[in-house]
Structures are given as structure tokens and as C-alpha cells.
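Reviewing the structure listed below.
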Amino acid sequence: MLSDHEVQIADSDYGKNYVKLLKVRREGRVHHVQELEINTALTLSSKKDYLRGDNTDVIATDSQKNTCYILAKQNGIDTIEVFAQILANHFLTKYPWVVKANIHIEQAPWKRIQQGGREHVHAFISSPECIRFCDVIQEKHGVPKVSAGLKGMKILKTTASSFVNFVDDEYRILPDMNDRIFCTVVQAKWDYSTTEGLAYCNSWSAVKSAILDKFAGPPDQGLFSPSVQHTLYLAQKQALSKVPQISRIELVLPNVHAYKFDFSKFTKLGITDNNEIFQPADKPSGNIRAVLERNVKSRL
Ligand SMILES: O=c1[nH]c(=O)c2[nH]c(=O)[nH]c2[nH]1
């Protein structure tokens, strides 16, 4: 057995994952809902809990869970980004031996039920276009680092996408594709360099729109994509130009392939392929990722 002096705990945190919380806010007959799933993670100044089984500094993960409900009751929930900062600040100030708090929150996509073009006052439908999430990491005596993001946004277009002129060697069988289906499941995460005066909801919507704009283009016309890589870059650049407070954005766009069904063996049926029938494939998928950040001169 190694002695404690021959090893060191390089990193550690502990907390409660998937704390589910539904908040109802009533404005007379008009009700509002926010459903969150929260992960808390705390790093303590001493490692005596790991090293010696000494739990005297341990804020139980059960207590961390309770704290989520209590602070939601006491402070309300403005946005997930604000609530995550309230939680992080609470853990760091109430327990001086907490040296880092890491809060991740995902928001369930409830939307008002619409009937005859009118929004319902208290009935909602889950509309999983995508999941909004945020991460707040704060160190003792430090400022909170706030990131926001979206995931699971599946989008598809039937034309205005190509992929040609790629490496042509003995490994290649893929032909040049001048007109293909482009389907992806967007995952985006961005960091805010400052949160002063930041409208979190507007910023989040602006990034979502930037991604959709550069993927889809104008409604009646579209926007040509020479590759997933280039579309990804255009979307990131648009996000940085729309929201000055974003310092960097990571975008992951899997290339979810849809293969043309091969009708060539069905000649007896007289079927001619006209680019209508495809086989969507979950796996494998291409995976295109980049992080775009501002050059020093263009920082806030
Ligand atoms: O837009 C694309 N980028 C790639 O890198 C790639 N690779 C591939 O097989 N298809 C595609 N499409």
C-alpha cells in the first residue's frame, strides 16, 4: 500500500446531481412555471474526508439538495444563471471552508398551451426544441464564472448543403456531394466575460437565433453550406457579434447522416431515384467541434 505522502488528490468535488425542482409563480390568474434540474458540486479546503473519513466539514449532499429548494423559496428564480449564482454564493459564504462551488442547471422546456392563438394562463406543454443550461463556477473570494448553453437542438435541411473537394486518396469512397441533407443536433456553450447589465434570456435567444440563421438562412431562400465546419464557424461568429458579453463559444455539430436508399437493385419495379428516400443513421455520425473566442482587441 502506498503511503499518503506518495500520492495526492489532484482535484475533488462532491455534491448532489439531478435535483429536480418545479417553481410556480402566480400573478393573479396568470401562472408561470420553471422546472429545473440542478447539479451542485463543492470543493473543500481540506481533504480529510477523503483521506481519513473525517466528515466534520462535509455539507451533506442531502443538505445541498435541501438548499436548492430553500433558496428557490427565499429568492425566487429569475433566470437559471442568476439562481446558479445565488446558490454558489450561498455555499461559499455560509461555509468558509468551501473553496469552490460549481453549479450546473438545466431548464425543462415548458411553453404555454396555445388555443385559438391565445396563450393559456396556467396550462403548459413540454416543447423540447432544446434544453437551456448554465454553469456557474465560483472560487472563494473570486467572481463567478458564468456560462450558458443549449443542447439537443435537432435541425435538418433538405438542400443548400454540399461537401466536395476533400482528400481524395485510397481511403476515400465518398463521392463529392453537391446537394445533400444536412442534419445535426446542436450543442453550444458560451462564456460571459461580464454579467453586468446582462439580459440572460435575450442573450440566450440571440445565440439560438444566430445558430438557426446561419444553418437555415432566409426562409424563402436558405443559405448555402460548403461543410459543417464552415456553417459552425459562421454561427459562432454571428453569436459573438450579437452578444458583446460573450468571450468564447464552443459549438459541437454532429453530422447526422441520411444515406440515399439504393434503388438500383429494384429495376424490375421501374423505380427511378429522384432523391426522395433516405435512410437516417444515428450512428456513426461525424462530429465537428470548434471554440471561437475574441481576439484581444475586440474584447469588452
Ligand atoms: O461537412 C462535412 N465535413 C466533414 O468533415 C465530413 N466528412 C464526411 O465524411 N462528411 C463530411 N461533411
Side-chain angles (χ1 to χ4, degrees), residues 109 128-133 147-191 203-243 246-266 271-295 298:
E129 261 187 9
C130 64
I131 297 291
R132 174 175 168 179
F133 67 87
S147 315
L150 61 86
K151 62 180 189 178
M153 185 165 76
K154 190 167 190 179
I155 48 181
L156 175 150
K157 64 179 186 174
T158 52
T159 189
S161 165
S162 75
F163 184 60
V164 300
N165 291 333
F166 48 96
V167 173
D168 192 2
D169 62 8
E170 64 276 29
Y171 291 91
R172 171 173 167 174
I173 57 169
L174 198 67
D176 275 358
M177 285 175 290
N178 289 298
D179 187 13
R180 63 175 182 172
I181 286 189
F182 183 177
C183 178
T184 187
V185 185
V186 180
Q187 195 181 310
K189 183 176 171 183
W190 55 93
D191 298 344
S203 301
W204 186 86
S205 299
V207 176
K208 184 181 170 210
S209 296
I211 296 165
L212 294 179
D213 284 354
K214 293 304 171 189
F215 176 78
D220 50 349
Q221 203 172 316
L223 179 65
F224 176 74
S225 163
S227 67
V228 177
Q229 282 89 333
H230 187 62
T231 298
L232 181 151
Y233 173 68
L234 292 182
Q236 290 177 312
K237 219 158 47 125
Q238 176 87 337
L240 290 184
S241 69
K242 292 282 176 191
V243 187
I246 296 178
S247 55
R248 75 202 300 262
I249 177 167
E250 177 186 48
L251 205 49
V252 185
L253 297 184
N255 188 6
V256 181
H257 307 297
Y259 298 105
K260 253 192 198 184
F261 186 77
D262 180 10
F263 282 108
S264 64
K265 298 199 174 71
F266 300 93
I271 295 172
T272 48
D273 175 29
N274 62 355
N275 208 20
E276 276 182 339
I277 305 294
F278 297 84
Q279 280 183 305
D282 279 0
K283 294 173 185 175
S285 57
N287 200 53
I288 317 297
R289 184 187 84 91
V291 178
L292 189 70
E293 56 186 25
R294 291 177 197 279
N295 285 332
S298 77

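As the structure lists them, so they are numbered: ligands from 1, and atoms in each ligand from 1. Every heavy atom of this structure was used, including side-chain atoms; hydrogens, water molecules and symmetry mates were not.
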*State whether the number of non-hydrogen atoms from other residues, nucleotides or ligands found under 6.0 Å of F278 atom CZ is greater than 12.*
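For F278, atom CZ is crowded (more than 12 foreign heavy atoms under 6.0 Å).
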*Atom CG of D169: over 12 foreign heavy atoms under 6.0 Å*: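 Buried by this count: over 12 neighbours within 6.0 Å.
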*asked:* At under 4.0 Å between heavy atoms, is it the side chain or the backbone of R180 that contacts ligand 1, or both, or neither?
replied: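 It is the side chain that gets close, since no backbone atom is under 4.0 Å.
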*Numbering as shown, the atoms of ligand 1 that approach L174 to under 4.0 Å (heavy-atom distance)*: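 Answer, ordered by atom number: 9 (O).
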*Near Q229, which atoms of ligand 1 are under 4.0 Å from a heavy atom of that residue?*
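Ligand 1 atoms under the 4.0 Å threshold to Q229: 1 (O), 2 (C), 3 (N), 4 (C), 5 (O).
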_Which residue is it: T231, L232, L253? I am looking for the one with a side-chain contact (heavy atoms from CB on, under 4.5 Å) to T184._
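By the side-chain contact (heavy atoms from CB on, under 4.5 Å) criterion, T184 pairs with just one of T231, L232, L253: L253.
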_Heavy-atom closest contact (K189 atom, S147 atom, distance)_ =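 In this case the closest contact between K189 and S147 is CE-CB, 3.7 Å.
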*Establish, from distance only, whether the side-chain atoms of S247 and D191 form a donor-acceptor pair under 3.5 Å.*
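On atom types as modelled, these side chains do not qualify, holding no pair under 3.5 Å.
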*Closest protein heavy atom (residue, atom, distance) for atom 8 (C) of ligand 1*: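 Here the nearest protein heavy atom works out to F163 CE2, 3.6 Å.
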_Heteroatom distance test (I288, ligand 1): nitrogen or oxygen, under 3.5 angstrom_ =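 No, I288 has no N/O under 3.5 Å of an N/O on ligand 1.
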*asked:* With respect to S227, determine whether any N or O atom, backbone or side chain, lies less than 3.5 Å from an N or O atom of ligand 1.
replied: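 No; every N/O pair is 3.5 Å or more apart.
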